[in-house]
Amino acid sequence: MKIDFLNLKQANTRFENDIRDAIGRVIDSGRYVLGEETLSFEREFAEYCGVEHCIGVANGLDALHMILRAYGIGEGDEVIVPSNTFIATWLAVSQAGACVVPVEPDGLTCNIDPQKIEAAITPRTRAIMPVHLYGQPADMDPINAIARRHGLRVIEDAAQAHGARYHGRRTGGLGDAAGFSFYPGKNLGALGDGGAITTNDAALAATLRKLRNYGSEVKYHHDLRGVNSRLDDMQSAVLRVKLRHLDEENRQRAALAQAYTEALAPAPLHLPTVLKGTEPVWHLFVVQTPCRDGLQIFLSEQGIGTLVHYPIANHRQRAYADQTWPDLPIASRLQSQVLSLPFATYLSAHDVQTVAAAVLEYFRRTDGTRTANRAAGVDHHL
Ligand SMILES: *Cc1c(COP(=O)(O)O)cnc(C)c1O
């Protein structure tokens, strides 16, 4: 039996009729950009996140980049980011013209380690951009306390954490502003690109509404040298359908994560660590093992698809090769040890058992090989 890492068509099947109706409504409306569907989605998503304002934009990278721009963060400024994240977090800072200052994660949660942030602050630091990686909320209380002490902005990268809670409060409202992505594979995914900014800062929201629309609020009056980065009505209509089911889907994800955690307990793996006081939304289920490559090949031979998030640490990417970076041993280790198991709301309990059984079988076999080699005097490192 084959189990994909994630099959998007299958993931959207349960919404298919409602999505077709919603798209039909947009076609009939004749309004395709900044129309009723987008206004309604912005209202509904703001309410969902527990914030005052939501601004729909073209994608998650633009969301993060535009927040920085709206705060006037750019040339000559520094922004603290996790060393371990999807590269878009870094690119948003670079695109704004500011300098990326990576801070290592806690090796267990994989999220930025608040204890390492203060050492990275300089007179040029303007903001901290924590990421709620894999759907696990970053430890926001200490991060906000540090930011307050040093007069810094806190910008959440919430692209993987729609609906996650930190001490009862949803991501998107845990800092000064947050960037979301609605890329199809995210927990709240469109049928194309999409993104949003959430904030309680009314002045910031007003600037962003202009910035995303050629710097204009009133047609043909341009207050800023803005960009064109809008969430369109077709995607908004799809997202409105899926938003109504987001909590239910996140609960299914939590149940799958629980099932994986129980079934994989006997395996010599590092399983995901959940920070106290948080409710993750399990965008990914990421295990860590020094035998990652062997395990991935074995699972693939059994018809089980996995992915690596992410195989090359950002500071080792060619895009950032023109700078010298400090030693980032945790990010460097994670790139070779993390493995994301199949994870989708359509997976059955039986699918999870199948994957877990294959993982256990891999370790049973390699352990056997190790023992045999040891007996034969072969020095064998996995
Ligand atoms: C997906 C993602 C982004 C970028 O979102 P796009 O919509 O693809 O531009 C940013 N940060 C993280 C952590 C992501 O996972």
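All figures in this text were calculated on a predicted structure; none of them were measured in a lab. Whatever order the structure lists them in is the order used to number ligands and atoms, beginning at 1. For reference, positions follow the sequence shown, starting with 1.
Looking at atom 11 (N) of ligand 1, its nearest protein heavy atom turns out to be D157 OD2, 2.7 Å. Annotation: atom 1 (C) of ligand 1 to nearest protein heavy atom, K186 NZ, 1.7 Å.
Geometrically, ligand 1 and S181 share a nitrogen or oxygen pair separated by less than 3.5 Å.
Take R292 and apply the salt bridge (Lys or Arg N to Asp or Glu O under 4.0 Å) test, not counting sequence neighbours, and it matches no residue.
Residues in residues 183-210 take part in no ring-ring contact (aromatic ring centres under 6.0 Å, His included) pair, two or more places apart or across chains.
Crowding of D28 atom CG: a count of heavy atoms from other residues, nucleotides or ligands under 6.0 Å exceeding 12. Environment of CD in E75: sparse, with no more than 12 heavy atoms of neighbouring residues, nucleotides or ligands closer than 6.0 Å.
When each atom of ligand 1 is checked for a heavy atom of G60 under 4.0 Å away, the hits are 5 (O), 6 (P), 7 (O), 9 (O). Residue contact check: V131 has heavy atoms under 4.0 Å from atoms 13 (C) of ligand 1. Set against the non-hydrogen atoms of A88, the atoms of ligand 1 under 4.0 Å away are 3 (C), 4 (C), 10 (C).
The aromatic rings of F45 and F182 sit perpendicular, their planes meeting at an angle over 60°, well past the 30° parallel limit. Between H162 and F180, the ring planes lie tilted relative to each other; the angle falls in the 30° to 60° range.
Heavy atoms of L61 found under 4.0 angstrom from ligand 1 belong to the backbone as well as the side chain. Both the backbone and the side chain of N59 come within contact range of ligand 1, each with a heavy atom under 4.0 Å.
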